[in-house]
Amino acid sequence: MTDTSSTPPTEGAAQAPRPSRLHRLMRFIPLIAPVLLWAVPCWVLLHSGQHWPLPVTLLGTALFALGLICMPLAMVRGHGRRQQDRAAIIGDTLLGGSWVLFTWSVLLGVLLRLALTVADVGASQDRARIVTWAVLAVTAALLAWGYAEARRVPRVRRLDVQLPRLGAGLDGLRVVLITDTHYGPLDRARWSARVCETVNTLEADLVCHTGDIADGTAERRRAQAAPLGTVRATRARVYVTGNHEYYSEAQGWVDLMDELGWKPLRNRHLLLERGGDTLVVAGVDDVTAESSGLAGHRAHLAGALDDADPDLPVLLLAHQPTFVDRAAAAGIDLQLSGHTHGGQIWPFHHLVRLDQPALAGLSHHGPRTLLYTSRGTGFWGPPFRVFAPSEITLLVLRSPHTATSLQR
């Protein structure tokens, strides 16, 4: 394998991307979201015709008010300058729980009550109380299931990907993708080790990590990330930064991954050769890198492909699917990304789609570019995954030339 460096990252910086619709919307969400997340369920469950005894109403309302106050305070203490893990766990759990409760308060609060009314089930108070108990039961079940899904070792998702320009000598190349491990306030060192053990059963030629390793600095999360050093690949282990690295001293993560035996593809590429054919394996920093202010960090595709033969197929690692527009313009064959978590907690995926061109799976872009978007290996923030299971991905690259030669 040949290591080919890019041009220096500080030269010829590309123009910073314009803020997306989601980023503009996000400016207002911190102001109104906590109120909506707690006030809507409070009204649906307690004040919409249930006529609970006064102590129940007062206690329930006080609990919702406490959640509204504690959640943002804990989030600030946990993810702000203080970085208190215990506060982060409390804030994240309240955020996930309130999101699920809000979602099903709205859905069942409207649909179930309408169905009960049409069916003429009971009096108005009875219907209101049925909705309350249904919302609480569904929320409890989904949170229990979502917590188990978030903490389990991800299932392996296998698929064949045919690349028209891939040479016959590279047919069957096994590429394993992990991403968005998000080691954080909840200690997941044992989980990390089990993930790496699962990866090692897949007999990968190439193992890729497309960023968002952790929430916190490399020094702080080293114990959870250390098992990554046990991952095996016959050819290479490669890594690119995600946006969360730039909240947590990104260069420290680049250095740690290098120490663990992973090759950071910071706007550079490797040449993977087998059977007389060659694949360019390239990587770019996350699109948020340049705005981080870290010297030399930016997404520079031209630098990543510098001196690469344009006739060779290219596998590109880029954390965010949104980078695929640039990849397609450059004629990249396959881009591997993460970032979306598949939405993580339904129906948050609708907001993710405002920001990204793909949510999960394989998609086509431009005349020849394929994009595979992983739902992620870990979870961010709320320790729940609802209708968005995590994954370890095994992509087997296929060459059409092998099939053609067999037909002859």
Side-chain angles (χ1 to χ4, degrees), residues 25 28-75 89-152 341-354 359 375 379 381-390:
L25 178 63
F28 302 98
I29 286 180
L31 302 177
I32 61 174
V35 175
L36 290 176
L37 288 177
W38 293 96
V40 170
C42 181
W43 181 82
V44 170
L45 303 183
L46 296 173
H47 300 282
S48 56
Q50 288 86 353
H51 303 296
W52 300 109
L54 183 60
V56 173
T57 302
L58 292 177
L59 178 60
T61 302
L63 289 175
F64 278 106
L66 184 63
L68 174 59
I69 295 170
C70 289
M71 185 184 76
L73 289 178
M75 293 290 288
I89 293 170
I90 294 172
D92 292 342
T93 302
L94 288 173
L95 175 61
S98 63
W99 172 257
V100 175
L101 185 61
F102 167 84
T103 297
W104 293 95
S105 293
V106 172
L107 289 179
L108 293 180
V110 173
L111 298 178
L112 181 57
R113 184 169 297 202
L114 178 61
L116 293 173
T117 301
V118 171
D120 195 24
V121 175
S124 175
Q125 175 179 293
D126 296 329
R127 293 193 291 269
R129 291 191 176 189
I130 289 173
V131 168
T132 294
W133 290 118
V135 169
L136 291 176
V138 169
T139 298
L142 287 177
L143 289 178
W145 174 59
Y147 180 80
E149 279 291 306
R151 298 302 301 268
R152 76 187 308 277
H341 298 207
Q344 187 164 320
I345 303 178
W346 186 90
F348 194 76
H349 68 284
H350 291 300
L351 291 178
V352 176
R353 286 304 301 267
L354 293 176
L359 186 71
R375 290 187 299 255
F379 62 86
F384 308 106
R385 274 187 172 269
V386 178
F387 305 131
S390 55

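Only heavy atoms go into these numbers, but all of them, side chains included; no hydrogens, no water, no symmetry mates.
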Visitor: Not counting sequence neighbours, which residues clear salt bridge (Lys or Arg N to Asp or Glu O under 4.0 Å) with Arg385? List them please.
Guide: none
Visitor: Hey, are the side chains of Thr57 and Gln50 touching, using non-hydrogen atoms and a 4.5 Å cut-off?
Guide: no
Visitor: At their closest point, which heavy atom of Ser48 faces which heavy atom of Ala128, and how far apart are they?
Guide: O-CB, 3.7 Å
Visitor: Return yes when atom CH2 of Trp145 has more than 12 non-hydrogen atoms of other residues, nucleotides or ligands closer than 6.0 Å, and no otherwise.
Guide: yes
Visitor: Are the aromatic ring centres of Phe64 and Trp43 under 6.0 angstrom apart?
Guide: no
Visitor: May I ask you to decide if Arg113's main-chain N or O and Arg127's side chain share a donor-acceptor pair within less than 3.5 Å?
Guide: no
Visitor: Looking at every heavy atom in both Val352 and Gly343, which two are closest together, and how far apart are they?
Guide: CG2-CA, 4.2 Å
Visitor: For Ser98 and Leu37, work out which heavy atoms get closest and say how close.
Guide: OG-CD1, 3.7 Å
Visitor: Could you report the tightest heavy-atom contact between Pro41 and Leu36, atom names first, then the distance?
Guide: CD-O, 3.7 Å
Visitor: Between the main-chain N or O of Pro383 and the side-chain N or O of Gln344, is there a donor-acceptor pair closer than 3.5 Å?
Guide: no
Visitor: Kindly compute the distance separating CG (Leu114) from CG (Leu108), expressed to the nearest 0.5 Å.
Guide: 12.0 Å
Visitor: Rounded to the nearest 0.5 Å, what's the gap from CH2 on Trp99 to OG1 on Thr139? Could you check?
Guide: 13.0 Å
Visitor: Arg152: what forms a side-chain hydrogen bond (donor to acceptor under 3.5 Å, both in side chains) with it, not counting sequence neighbours?
Guide: none
Visitor: Do you know the tightest heavy-atom contact between Leu46 and Gly60?
Guide: CD1-C, 3.4 Å
Visitor: Going by heavy atoms in the side chains, are Leu94 and Trp38 under 4.5 Å from each other?
Guide: yes
Visitor: Does Val100 reach the side chain of Trp346, with side-chain heavy atoms less than 4.5 Å apart?
Guide: no
Visitor: Can you tell me how far the CG atom of Leu112 sits from the CH2 atom of Trp133, to the nearest 0.5 Å?
Guide: 14.5 Å
Visitor: Provide the closest heavy-atom pair for Pro72 versus Gly67 in the form atom of the first, atom of the second, distance.
Guide: CD-O, 4.3 Å
Visitor: Is any side-chain heavy atom of Pro382 closer than 4.5 Å to one of Tyr147?
Guide: no
Visitor: For residues Glu149 and Val386, determine if any side-chain heavy atom of one lies less than 4.5 Å from a side-chain heavy atom of the other.
Guide: no
Visitor: Do Ile90 and Cys70 have side chains that approach each other closer than 4.5 Å (heavy atoms only, starting at C-beta)?
Guide: no
Visitor: Give a yes or no on whether the backbone of His51 and the side-chain of Arg129 come within a donor-acceptor separation of less than 3.5 Å.
Guide: yes
Visitor: Of Leu142, Thr93, Asp92, which is the lone residue that meets side-chain contact (heavy atoms from CB on, under 4.5 Å) with Phe384?
Guide: Thr93
Visitor: Could you measure the distance from the CG atom of Leu58 to the CG atom of Leu63? Nearest 0.5 Å is fine.
Guide: 11.0 Å
Visitor: Does Val40 form a side-chain contact (heavy atoms from CB on, under 4.5 Å) with Leu101? I'd like the steps, not just the answer.
Guide: CA-CA 9 Å; Val40 170; Leu101 185 61; over 6 Å; no
